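Within every chain, numbering begins at 1; the chains are lettered A, B, ... in the order of the sequence lines, protein sequences first and strands thereafter. Only a predicted model underlies this, so the values are computations on that prediction, with no experimental measurement involved.
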Amino acid sequence: MRLKDIWIVFKKEVKDISRDKRTLLISILVPMLVIPLLNIFVGGGIENLQKEINQNVIIALSKESKTIDVKNMVEKEIIKDNENIKLVECEDPLRALNSGDVRLVIDIDKDYKIKLREGKPFEIKILYDKSNTKSEGSIWILSSAIEKFNNNMVEKRIVSAGLDKNILKPSIIKEENVADKTKNGAGMLATFLPIIIVVLLTVGGVPAATDLVAGEKERNTLEPLLTTRPGRISILIGKYMTVTLFSFITVVASVIGIFVGFLINPNALSIGSGEQISGFSIPVPAIIFSIILAIALGMTFAGLQIALSTYAKSFKEAQIYLSFLMIAAMVPAYANMFTQPNDIPLYSFFVPVLNTIAGFKVVLSGNINYLYLFYAFGSSIIHVVLSLAIAVRMFGKEKVLFRS
Amino acid sequence: MVKVEGLSKKFGKVEAVKDISFEINVGEVFGLLGENGAGKTTTLRMLATMLKPTVGKVHFAGIDAVKRPHEVRSRIGILFGGETGLYDRLTAYENIFYFGELNGMRKDMIDQRIREISKTLGMTDYLGRRAAKLSKGMKQKVAFARSIIHDPEVMLFDEPTSGLDVSASRDVHDFILNCKENGKTILFSSHTMTEVEKLCDRIGIIHKGKIVDTGTVEELKQRYDNSDLEEIFIRLVGDKI
């Protein structure tokens, strides 16, 4: 293995691949555009949906409950303090609920007046449409209003009994979120960003890996290459470095995409949580660890992608194998999407893919544990060596290299 | 120059090449004549150090090809038949230059040699054009230039006229004869009798991985008392099919 030979192969492969429009599209353009678009459409969409749910809660009374008394009680006692809830008249409330004209229908016990007078509980049934996000999302808004009505009624009863209204409150719960707003936003970022980076790392190297071995086999350029002076390992490493470079270029393009998304809509970066991440800072060593972890994962994938591309008889076969590899990487990535940084099990720092996601989550959580990052880094190095060993073994196998 | 001794190659249980031996002298064109699947390509791949022999030795000017494959590879040039195997997204110049670099040449030397070869082959006009945009004939000339950029002592031709029309085949023949004139030692594999007769000083008839006879065309004709090489070939392999 000679460095000069590796450099010659690498230089040529980069030149060759960078002239391939398909690779440029998948590795650079798509990640640069997809993330800002996701921010705008998904992040913005979730935010708008939440706003919409909170704002226009249109409710109706069931046919059985449609009386002046019930209407008055609902309007004047239950929803009076919540201007977002609006009671409307409906001829057929259930049909209106199914068609989405109203969000909820409430059905009130016909004996409610007697029960209220006697101090007994009466039933308020909330009918909703589970297939309608807005309907289901509105339940808690109406429930809160009913809860408030209940509290008011209890207070009235206690006061009328000549007791202090605070008698039923031996303690008052006060919740306080100590995380600042920037951290909340970063928490959301820690949920989605690692997945996006891992997925793009698996995708980024695919066009190059497919083209550089299976593609060369198919175009009959591999055999002349193998008859030149450099050893097989030098040729392989040159190709491997190219695939790694393109995986990393994809990540860089994605980061640029994230910044563009941030510039377009700072709130959307936190995927609809409504929190901003401006002002959130990551220490330099943690950034370096993150970059190393990303490169290491790119190198691990590159090794496996080259190995699979070598094994494949044709370009198409390589694409199929590499798609399976992408799925195999995405499954653990998505399965751990909602694991919070503090809940990451220790083994995650040693398993391929999971270790990178865990490392990113730790860095983005703000509470950086360098020991865990070191575990992730150490295991990544082992994965890189193993995947490269597999690629070298595969590229050295005559049966595989010349099978057709 | 090239010495092959007891060369065999097994792929699992299949023995593609069985104990073959031959020698090629300096400046000689040796033809390996055989049908498809006879073991020609496997033999050439072993000579080009792409495949390791299961048993046997190959020497190029005394250098052991199994033990010192790098040295051997820098002394050989190879041209395959069928597709020319060029990088479509690189220009003709870049394709040739890459192989010059891979074979350890200095950049100024490569440039000078590309100018010389392209003048000889008449390809100066399209050196800067991407391979994908070249005609089949142009691509073929680029492949010729690529195979001799490092001025190898030995040339290996693996069915170089396979799938080519008459004029393209003639270009290949001229190129081989030109290599011979320049003193190169040539191993040429083919299943076409006429081109073997036309180009080769000596031939080895290979069948089912074994060399069944070797000699000059004249020697074979006298040995089998027949002036038709095709008849001789059929006689040698026909009853063994």
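Proximity to chain B (any heavy atom under 4.5 Å) is shown, for A/Leu225, by both the backbone and the side chain. Both the backbone and the side chain of B/Leu90 have a heavy atom closer than 4.5 Å to some heavy atom of chain A. Using a 4.5 Å cut-off between heavy atoms, A/Glu223 touches chain B through backbone and side chain atoms alike. Looking at B/Phe80, only its side chain comes within 4.5 Å of chain A, counting heavy atoms on both sides. If you measure heavy-atom distances from B/Arg146 to chain A, the contacts under 4.5 Å come from the side chain alone. Interface remark: B/Leu86 contributes backbone atoms only to the contact with chain A (heavy atom separation under 4.5 Å). With a threshold of 4.5 angstrom between heavy atoms, B/Glu94 approaches chain A through side-chain atoms but not through N, CA, C or O.
Using a 4.5 Å heavy-atom cutoff, the side chains of A/Asp211 and B/Arg89 are in contact. For the pair B/His150/A/Arg229, no side-chain contact is recorded, criterion being any heavy-atom separation below 4.5 Å from C-beta on.
The 12-atom threshold is not exceeded at NZ of B/Lys210, counting heavy atoms of other residues, nucleotides or ligands nearer than 6.0 Å. For A/Ile292, the CD1 atom sits in a packed shell: over 12 heavy atoms of surrounding residues, nucleotides or ligands are nearer than 6.0 Å. Under a cut-off of 6.0 angstrom, the local environment of CZ in A/Arg22 is crowded, with over 12 non-hydrogen atoms contributed by other residues, nucleotides or ligands.
Only one option out of A/Ile235, A/Val9, A/Asp5 pairs with B/Leu102 in a side chain to side chain contact (heavy atoms under 4.5 Å, CB included); it is A/Val9. Each of B/Lys9, B/Lys52, B/Arg45, B/Lys10 was scored for a salt bridge (charged side-chain N to carboxylate O under 4.0 Å, His left out) with A/Glu398, with one residue passing: B/Lys9.
Remark: side-chain polar atoms of A/Arg232 are paired, donor with acceptor, to backbone N or O of B/Met50 under 3.5 angstrom.
Atom CZ of A/Arg219 and atom OH of B/Tyr87 lie 8.0 Å apart (nearest 0.5 Å). The distance from the CZ atom of B/Arg73 to the OG1 atom of A/Thr228 is 7.0 Å, given to the nearest 0.5 Å. In this structure, B/Asn95 CG and A/Thr221 OG1 are separated by 9.0 Å, a value rounded to the nearest 0.5 Å.
Using a 4.0 Å cut-off between charged nitrogen and carboxylate oxygen, B/Glu101 and A/Lys11 count as a salt-bridge pair.
The choice from B/Gly77, B/Ala48, B/Gly104, B/Ser147 that makes the most heavy-atom pairs within less than 4.5 Å of chain A is B/Gly104. Comparing A/Leu401, A/Ile17, A/Leu222, A/Leu226 by heavy-atom pairs within less than 4.5 Å of chain B, the highest count is held by A/Leu226. Of the residues considered (B/Phe11, B/Phe99, B/Tyr98), B/Tyr98 shows the highest number of contacts with chain A, using heavy-atom pairs under 4.5 Å.
The two residues B/Gly85 and A/Pro224 have their closest heavy-atom pair at O-CG, 4.5 Å.
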